[in-house]
Amino acid sequence: MRERRGPFTLEEVHLGALRPDEVLVRIEATGLCHTDIAVRDGEMPSPLPAVLGHEGAGYVAAIGDSVTGLAVGDPVVLTYLSCGECRECRTGVPSACVQLGGLCFGGARPDGSHALHGSCGDVLHDRFFGQSSFATYAIANQRNIVKVRPDAPIRSLGPLGCGIMTGAGTVWNALKAGPGSSLAVYGAGAVGLSAVMAARVAGASSIIAIDVVASRLSLARELGATHTVNGGEGDVVSAVRRIVPDGTDFAVDTTGREAVVQNALLALRQCGALALVAAAQPELSLDMFNLLAGCKTICGVIEGGGAAHLLIPRILDLHMSGRFPFDRMLRFYTPEQINDAVRDSVNGNTIKPVICFGQNAA
């Protein structure tokens with residue numbers, strides 16, 4: 001990605017030598033996330049030109065001298081990079097790392113160096129989420145690599161490192177939805193549908209998916225939603241409260257849109273909790289009386305909360321047992337089709353695009 005709102009281009013780049021704590025991964029497939037598109041459009045701060053991509057999956061090709069727990073040939077999922085040293089990292093919540101922004105969006109290592117250079121020696125910003133996985137090879141840190149079971153379908157696993165983990169972890173870690181609870185999910189994209197599947201696993205009795213695309217609502221029902229609401233057809237709050245008269249215990253907003261967040265807040269029951277996982281709109285105006293008088297809670301959640309090395313294996317085990325069929329959301333593209341994947345994601349034709357490399361190319 002060389003310019004804002006420009007196309008992704010295929011170029012040959014050069015990788016530098018591994019540092020002691022780094023790992024070279026041969027990428028088999030990488031999910032395309034709305035965060036990649038937001039950086040392209042200048043909606044999120046990250047320098048260009050850059051190699052983006054932050055939902056990589058593949059095999060370890062080489063390891064640095066100090067890396068432990070990984071070996072060449074291991075199947076892995078790449079995820080966000082954390083510092084490993086702050087209070088949040090040390091207490092098991094690396095998703096809330098205080099240095100997450102700089103490590104994932106800074107475009108370089110903390111010391112300013114780069115793992116990639118252009119074919120003419122020019123600097124390319126890299127280290128996107130500590131991986132820059134829109135590539136055949138990625139240099140990551142041992143902290144943002146999760147080893148996975150060898151019988152899993154590797155080309156489908158990339159989205160576990162961000163989007164799928166975000167939806168599932170928000171339900172399990174942040175909201176702690178349990179048996180008999182009610183949950184409304186606003187937006188039935190990859191994150192929202194992952195929240196729906198996680199709520200079903202958690203035993204929620206009422207799972208309401210809200211979207212404006214009929215096909216996504218249909219898939220939501222197949223994946224575990226007990227009810228669906230078309231947000232383009234009438235009053236959403238009234239529709240949700242017809243299903244759960246007292247309001248929902250929990251809600252997840254995946255849209256970042258002020259009107260949708262307001263609906264989610266109003267449709268909560270007394271002492272209900274709303275999790276925000278999208279930053280599409282940097283400022284929000286909310287009904288403060290409803291928030292205070294309702295004793296309601298609003299929390300921001302990054303990467304599903306908790307730790308990726310716990311979340312990813314849990315989701316994968318559920319998937320392999322048939323209880324978390326996230327593959328139903330995926331559509332595969334070749335690297336040459338990456339701009340088609342972006343278009344299909346933006347216009348809603350594809351829920352979760354995945355770019356495949358090598359023998360796993362679509």
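The chain is numbered in sequence order, starting from 1.
Ion pairing of Arg127 with Glu22 is present here, as a side-chain N (NZ or NE/NH1/NH2) and a carboxylate O approach within less than 4.0 Å. Ion pair Arg4/Asp41 not flagged as a salt bridge, since none of the NZ, NE, NH1 or NH2 atoms sits closer than 4.0 Å to an Asp/Glu carboxylate oxygen. Asp111 has no carboxylate O lying under 4.0 Å from a charged side-chain N of Arg109, or vice versa, which leaves the two without a salt bridge. Remark: Arg90 does not engage Glu85 in a salt bridge, criterion side-chain N to carboxylate O under 4.0 Å. Checked for salt-bridge contact, Arg314 and Asp317 miss the test: no charged N lies under 4.0 Å from a carboxylate O. Salt bridge present: Arg26 and Glu28 bring a charged side-chain N and a carboxylate O closer than 4.0 Å.
Linking Ile, Leu, Val, Met, Phe, Trp and Tyr whenever their side-chain heavy atoms come within less than 4.5 Å leaves Leu217 and Val244 in two separate clusters. In this structure, Leu276 is not a member of the same hydrophobic cluster as Val240, with clusters built from ILVMFWY side-chain heavy atoms closer than 4.5 Å. Linking Ile, Leu, Val, Met, Phe, Trp and Tyr residues whenever their side-chain heavy atoms come within less than 4.5 Å places Ile27 and Val148 in a single cluster. Both Met288 and Leu265 belong to a common hydrophobic cluster when Ile, Leu, Val, Met, Phe, Trp and Tyr are linked at side-chain heavy-atom distances under 4.5 angstrom. Under the 4.5 Å side-chain heavy-atom criterion for ILVMFWY residues, no single connected hydrophobic cluster contains both Leu103 and Met165.
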Report the C-alpha separation of Ser113 and Arg19 in whole Å, then their side-chain angles, then the decisive distance to 0.1 Å, and conclude whether the side chain to side chain donor-acceptor pair (under 3.5 Å) test is met.
CA-CA 11 Å; Ser113 64; Arg19 294 191 171 183; 2.9 Å; yes

I'd like to know whether Arg216 forms a side chain to side chain contact (heavy atoms under 4.5 Å, CB included) with Ile351, so could you lay out the CA-CA distance, the side-chain angles of the two residues, the decisive distance to 0.1 Å, and finally the verdict.
CA-CA 8 Å; Arg216 295 191 175 199; Ile351 295 175; 3.8 Å; yes

Step by step, would you call Val98 with Glu88 a side chain to side chain contact (heavy atoms under 4.5 Å, CB included)?
CA-CA 7 Å; Val98 297; Glu88 287 68 26; 3.4 Å; yes

For Asp340 and Arg343, run side chain to side chain contact (heavy atoms under 4.5 Å, CB included): C-alpha distance rounded to whole Å, both residues' side-chain angles, the deciding distance at 0.1 Å, then the answer.
CA-CA 5 Å; Asp340 297 328; Arg343 181 199 62 223; 3.2 Å; yes

Evaluation steps, side chain to side chain contact (heavy atoms under 4.5 Å, CB included), between Val354 and Cys356:
CA-CA 6 Å; Val354 177; Cys356 297; 4.3 Å; yes

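Side-chain contact between Phe8 and Leu52: present, with at least one pair of heavy atoms (C-beta onward) separated by less than 4.5 Å. You'll find the side chain of His54 stays beyond 4.5 Å of the side chain of Phe105, heavy atoms only. Residues Val252 and Leu183 are in side-chain contact: their nearest non-hydrogen atoms beyond the backbone lie under 4.5 Å apart. Met329 has its side chain within reach of Ser194: a pair of non-hydrogen atoms, C-beta onward, lies under 4.5 Å apart. Contact of the Tyr80 side chain with the Leu100 side chain is registered, since non-hydrogen atoms from C-beta on lie closer than 4.5 Å. The shortest side-chain heavy-atom distance between Cys33 and Lys352 falls under the 4.5 Å cut-off. Here the side chains of Ser218 and Ser215 are not in contact, with every heavy-atom distance at 4.5 Å or above. Contact annotation: the side chain of Met1 never approaches that of Pro49 to less than 4.5 Å [non-hydrogen atoms, C-beta and beyond].
For an aromatic pair to be called close, the ring centres must be under 6.0 Å apart, and Phe324 with His319 fails this. Phe128 and Phe134 have their aromatic ring centers separated by at least 6.0 angstrom.
Exactly one residue among Val236, Thr255, Asp253 makes a side-chain contact (heavy atoms from CB on, under 4.5 Å) with Ile210. That residue is Val236. Of the options Leu18, Val72, Ile63, a side-chain contact (heavy atoms from CB on, under 4.5 Å) to Leu24 is made by Leu18 and by none of the others.
Taken to the nearest 0.5 Å, the OG1 atom of Thr228 stands 4.0 Å off from the CZ atom of Arg221. Ser238 OG to Ile243 CD1: the interatomic distance, rounded to the nearest 0.5 Å, is 11.0 Å. Distance check, rounded to the nearest 0.5 Å: CG of Leu116 to CD of Glu11 gives 11.5 Å. The CD atom of Glu55 lies 8.5 Å from the OG1 atom of Thr30; values are rounded to the nearest 0.5 Å. Thr170 contributes atom OG1, which lies 9.0 Å from atom CG of Leu311 (distance to the nearest 0.5 angstrom). With values rounded to the nearest 0.5 angstrom, Cys162 atom SG is found 12.0 Å from Leu78 atom CG.
Asp249 and Ser181 share no side-chain donor-acceptor pair at under 3.5 Å. Side-chain contact of Asp122 with His117: a donor-acceptor pair under 3.5 Å is absent, judged by distance alone. Under the 3.5 Å distance criterion, with hydrogens and angles disregarded, no donor-acceptor pair is assigned to the side chains of Asp211 and Tyr186. There is no side-chain donor-acceptor pair under 3.5 Å between Arg200 and Thr226.
When atom types are taken as modelled, the side chain of His125 and the backbone of Val51 share no donor-acceptor pair closer than 3.5 angstrom. The backbone N or O of Ser132 sits nowhere less than 3.5 Å from a side-chain atom of Asp126 that would complete a donor-acceptor pair. Not one N or O on the side chain of Gln131 forms a donor-acceptor pair closer than 3.5 Å with the backbone of Ile139. A donor-acceptor distance shorter than 3.5 angstrom exists from the side chain of Asn144 to the backbone of Gly130, with no hydrogens or angles considered. Under the 3.5 Å distance criterion, the side-chain polar atoms of Gln337 are matched with a main-chain donor or acceptor of Thr334. Between the side chain of Thr166 and the backbone N or O of Val191 there is no donor-acceptor pair closer than 3.5 Å. Between the Ser345 side chain and the Thr350 main chain, no donor and acceptor come within less than 3.5 Å of each other. Ser82 places no side-chain N or O within donor-acceptor distance of the main-chain N or O of Cys97, the cut-off being under 3.5 Å. Between the Asp344 side chain and the Asn349 main chain, no donor and acceptor come within less than 3.5 Å of each other.
Dense packing is recorded around CG of Leu223, with more than 12 heavy atoms of other residues, nucleotides or ligands lying under 6.0 Å away.
Closest heavy-atom contact between Leu266 and Lys296: O-NZ, 4.0 Å. Scanning both residues, Tyr333 and Pro353, for their nearest heavy atoms gives CE1-CB, 3.6 Å. Listed here is the closest heavy atom pair of Phe250 and Lys176: CZ-O, 4.4 Å. The minimum heavy-atom distance between Gly247 and Ser182, with the atom names listed, is O-OG, 4.1 Å. Of all the heavy atoms in Val171 and Ala198, the pair that sits closest is CB-CB, 4.0 Å. When all heavy atoms of Leu330 and Pro159 are compared, the closest pair comes out as CD2-CG, 4.1 Å.
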